[in-house]
2 protein chains.
Amino acid sequence: MTEPSAGACVPPELDELLCFAVYSAGLAFTRAYRAPLEAMGLTYPQYLVMVALWSEDGVMVSRLGDRLSLDSGTLTPLLKRLEAMGLLERRRAQEDERRVIISLTPEGRALGDKAADVTRCIGNAIGLSPGEITDLTGTLQRLRSHLDAAGRKA
Amino acid sequence: MTEPSAGACVPPELDELLCFAVYSAGLAFTRAYRAPLEAMGLTYPQYLVMVALWSEDGVMVSRLGDRLSLDSGTLTPLLKRLEAMGLLERRRAQEDERRVIISLTPEGRALGDKAADVTRCIGNAIGLSPGEITDLTGTLQRLRSHLDAAGRKA
DNA sequence: TGCGATTAAATCGTGCGCAATATATATTGC
DNA sequence: GCAATATATATTGCGCACGATTTAATCGCA
């Protein structure tokens, strides 16, 4: 007679939920990046888009969307803001006018030189050992791929 | 002569950044929770607020803000929506009219019975062992406290 | 060749997340 | 008592994040 009432029906505790740990670490990262990125004039999501472009330039919007797992509804206005800042160009591909190709300007590429400083600055704030950081990053990537796979099925 | 030019100035790779792993796992969680929470009529942040209230009811807005690390600019409209759904009440404390006390309604409290199902559903999608989940949650909590501490200094 | 299906991006509406500011209440110092 | 200060929440504005829809270009194929 331990089955129906107690046990399984206890609501979860916030601090035991993995999803909340991820959620709140994500917000903490957003806050931690705000000050260092202010010097570059970028928001945190804009910075992640620039990181993607510094390693692979001249790509379609959907390619960026795949790498960052964001859709055009998020990326289009964000990219327009980066274009207005003079960091990149958006132009239709002439061989297929549906595609919009994103290319860094010299200014946008040059901004990459400051990125290492930001990474170093955040690295200090993380407070984990290099080994822990590597492990954590890998485990989170595995977690993401599992969540994505489960979502694709549903 | 290896110092000034090369080495430190390489922009980071997206998939090696811990911040991006956290960011994108967070988005994946948001997507994973959408379907199970739709049955409860809640968004993911609304669900986290309810989780906090199921374990500690009758609290000030700022208490919720401390537990979730969210400010009134986020919580006030979110709580108003939950109030409009009939899940909670917002009333000024009579001993200090600056304070707004959040109390679950019977409907709000009853909704907690369905939370275990949601947790179970997400648990399947996580795809990590119980031990890994515990470790990951703990490491992320440590990470968050480091990032918060670094932010408080700056 | 023509025309429905598919693909790529843009648009629209809603709900966070947060900095900056405003408002109202409470406390403190004199 | 009452002005100065502190505290608690609310408001405003901006930038994501994303589902749903729209627009436009290309592809498939009879």
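The sequence lines fix the lettering, A, B, ..., with proteins before strands; numbering per chain opens at 1.
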Query raised in the report: Between A/Arg31 and A/Ile101, who's closer to the 5' end of DNA chain C by nearest nucleotide?
Result: A/Ile101

**Report entry** Whichever of B/Glu95 and B/Pro45 has its nearest DNA chain C nucleotide further upstream toward 5'
**Finding:**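 Per heavy-atom nearest nucleotide, the more 5' residue is B/Pro45.
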
[X] side-chain proximity, nearest of [options]:
X	options	value
B/Thr76	D/dA10, D/dC16, C/dA9	D/dA10
A/Ser72	C/dC18, D/dA25, C/dA9	C/dA9
A/Thr74	C/dA10, C/dC16, D/dC18	D/dC18
A/Asp96	D/dA25, C/dG17, C/dA9	D/dA25
A/Arg92	C/dA10, C/dC18, D/dC18	C/dA10
A/Arg90	C/dA10, D/dT26, C/dA8	C/dA10

For [X] and [N], is the shortest distance between a side-chain N/O and OP1 or OP2 below 4.0 Å?
X	N	result
A/Lys80	C/dT11	yes
A/Gln46	D/dG15	no
A/Arg81	D/dC16	yes
B/Tyr23	D/dA17	yes
A/Thr43	D/dC16	yes

Query raised in the report: With both distances under 3.5 angstrom, what nucleotide forms a Watson-Crick or G-U wobble pair with C/dC30?
Result: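 In the structure as shown, C/dC30 has D/dG1 as its Watson-Crick or wobble partner.
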
Report task. Check whether B/Ile101 and B/Val61 end up in the same hydrophobic cluster, where Ile, Leu, Val, Met, Phe, Trp and Tyr are linked by side-chain heavy atoms less than 4.5 Å apart. Result -> no

**Report entry** Shared hydrophobic cluster for B/Leu64 and B/Met85 (ILVMFWY, side-chain gaps under 4.5 Å)
**Finding:** yes

Query - Nearest heavy-atom neighbours spanning B/Phe29 and A/Val22 - result: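 So the two residues come closest at CE1-CG2, 3.8 Å.
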
Report task. Run the salt-bridge test on B/Asp15 and A/Arg67 with the 4.0 Å N-O cut-off and return the result as yes or no. Result ->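 The answer is no: the pair does not qualify as a salt bridge.
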
**Report entry** Residues A/Arg90 and A/Glu83 bridged, charged N to O under 4.0 Å
**Finding:** yes

Taking atom [atom2] of [N] as reference, at what distance in whole Å does atom [atom1] of [X] sit?
X	N	atom1	atom2	result
B/Leu64	D/dT9	CG	P	10 Å
A/Leu42	D/dG15	CG	C1'	13 Å
B/Leu68	C/dG17	CG	C1'	12 Å
A/Asp66	D/dC18	CG	C1'	16 Å
A/Leu70	D/dG15	CG	C1'	13 Å
B/Glu38	C/dT14	CD	C1'	14 Å
A/Arg99	C/dA10	CZ	C1'	17 Å
B/Leu79	C/dG17	CG	P	12 Å

Query raised in the report: With a 4.5 Å heavy-atom cut-off, do B/Asp96 and B/Arg99 have their side chains touching?
Result: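 Sidechains of B/Arg99 and B/Asp96: in contact.
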
Checking all strands, does [X] fall into the base, sugar-phosphate, or nothing category for heavy-atom contacts under 4.0 angstrom?
X	result
B/Asp71	base
B/Ser24	nothing
B/Leu27	sugar-phosphate
A/Ser62	sugar-phosphate

Query - Any donor-acceptor N/O pair under 3.5 Å between C/dT7 base and A/Arg98 side chain - result: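 Counting by modelled atom types and ignoring angles, a donor-acceptor contact under 3.5 Å is found here.
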
Query raised in the report: Just how far is it from atom CD1 of B/Ile133 to atom CD1 of B/Ile126, taken to the nearest 0.5 Å?
Result: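 These two atoms lie 4.5 Å from each other.
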
**Report entry** Residue whose nearest DNA chain D nucleotide is more 5′ - B/Arg34 or A/Tyr44
**Finding:** A/Tyr44

